[in-house]
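Written out below as structure tokens is the structure these notes cover.
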Amino acid sequence: MRRPILLLLSSFVLAGAAGQSIAPALLAPDARYKADVLLIVAHPDDDVLVGGYLARLTLDQHKRIAVIYCTNGDGGGNVVGNEAGAALGQMRMLEARRALSGLGIENVWFLTGHDTPGQNVLRSLDHWNHGLALDEVVRLVRITRPEVILTWLPDHVVGENHEDHQASGVLATEAFDAAGDPTWFPEQVSPSRDRLGMSNLTEGLLPWQPKKLYYFSDAFENFSPYWHSTAELSPFRKNMLDGAGPSYSTTDPSPSRHISYAHLEAVQQVAYQTQEAETGEKALKSGNLSDFEYPVRLIFGKSVVGGSPTGDVFEGVTDRPAGFVRVRGYEPQPQAEITFEIGDPWRFYSLFWKAHNLDHLASLIPVPEVSAQPGDQLSIALLACNRQQQAANISVTAALPAGWADKTGFTAYPMRAGECYPILAQIQVAAQVRAGWQQLSWTAAAGTNPVGTVTLRVYVGESGGLPQ
Ligand SMILES: [Zn+2]
């Protein structure tokens with residue numbers, strides 16, 4: 001007797017829902033991977049330089065941190081074993097995971113770039129397959145949905161100035177601007193056809209616009225902007241970090257751990273046994289943490305949510321997602337018919353900063369600079385362009401400090417109409433020269449008409465400085 005009633009009921013329900021069969025609610029993006037800060041660096045151990053700040057964020061402000069290493073550090077040396085190359089890379093990935101696990105950071109990814117020693121960012125980008133690496137970084141930005149991206153400064157600075165560091169900063173900047181744009185790597189943001197099925201060939205992510213971008217730099221050693229005052233760097237430039245962004249002390253004690261952030265950074269360093277663990281071990285053994293007590297000084301990149309450049313990193317950041325903000329992109333500028341300028345990587349950066357609305361980075365180091373050792377041979381790229389309708393010749397003259405030698409081999413360069421001539425200046429640094437800054441310049445002329453002058457500052461040190 002009950003069956004007819006049930007049938008009647010179900011008929012009623014179906015009739016009531018006719019045309020309104022409601023699909024299940026969508027799933028939210030996987031919360032396990034959400035990050036407040038995404039750190040994008042080049043090598044295992046790059047995290048240590050900002051480790052004191054990472055510790056403050058994760059242990060005491062309860063921020064979620066994710067990390068991308070663009071390489072596994074396979075190009076470095078090994079202070080504890082014979083393993084090198086790919087084998088060393090495998091070990092360094094585990095060292096990085098151990099270093100970060102001490103801070104409770106588990107979401108760690110390694111891209112497929114190889115460690116490329118040198119100082120020309122464009123070499124690293126080429127070596128890493130720039131497009132492939134950017135695809136991977138944008139994917140991870142869309143997975144981690146960071147409020148803030150923290151990365152190496154994309155600039156050529158006197159300091160360690162590793163080209164891989166700079167390249168990670170270039171990729172991070174490009175990803176900051178691309179991840180919210182659905183036309184960049186559209187396969188990543190196309191819905192999966194059936195998430196429970198197989199062979200989904202699109203990824204089902206959502207576009208994501210990070211809110212703030214900050215940089216840091218390893219411009220230290222003898223010419224350290226961390227240790228040296230403006231007066232010591234003069235007359236050539238101010239400390240580029242002064243007023244450039246917020247600064248975080250590492251001598252403060254962690255309220256949750258009851259030791260200083262510098263102490264936590266030393267512990268982080270000890271995980272890198274194949275690299276410079278000894279510095280951390282010595283500091284922990286002696287209790288002298290001075291090697292880790294430098295403040296973490298950041299350089300403001302940009303924000304889509306306001307806030308002042310020197311304010312706290314999270315100033316202006318709320319839970320509400322930011323809408324996509326388009327950057328300017330490359331815009332050709334009107335130029336003289338014949339021009340003479342410094343070449344790559346400096347020329348690339350001058351275009352890159354403008355294209356990504358980072359014009360202010362050009363003022364951090366207003367005059368290009370490199371480091372060198374006494375007796376080094378520097379190779380500096382220059383570029384002459386002829387936009388005239390007819391051919392032109394330019395002559396280039398170098399003005400060098402006493403005892404330095406011009407080994408370039410040519411002094412005049414022919415250009416057909418519309419051509420740019422890439423010139424590679426070769427300069428021999430004097431064998432006997434005091435440590436400090438020197439300045440050199442090249443002046444170009446077309447016939448008797450001056451075309452332009454390029455100035456370069458060279459820090460001649462007793463150590464540091466990879467070959468150009
Ligand atoms: Zn590094």
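Counting convention: from 1, in listed order, for ligands and their atoms alike. Keep in mind that this is a model prediction, so the values were computed, not measured.
- Residue contact annotation: His162 places no N/O/S atom under 2.8 Å from the Zn ion (ligand 1).
- Ring pair His356/Phe352 is tilted by interplanar angle, where 30° to 60° counts as tilted.
- Salt bridge Lys212/Asp312: absent, no basic N to carboxylate O contact under 4.0 Å.
- Of the possible polar contacts, none joining the Ser379 side chain to the Gln377 backbone as a donor-acceptor pair under 3.5 Å is found.
- Per residue Asp46, closest N, O or S atom to the Zn ion (ligand 1): atom name OD1.
- When the Zn ion (ligand 1) is compared with the N/O/S atoms of His43, atom ND1 turns out nearest.
- Looking only at side-chain heavy atoms (C-beta outward), His162 and Trp152 stay at 4.5 Å or farther from each other.
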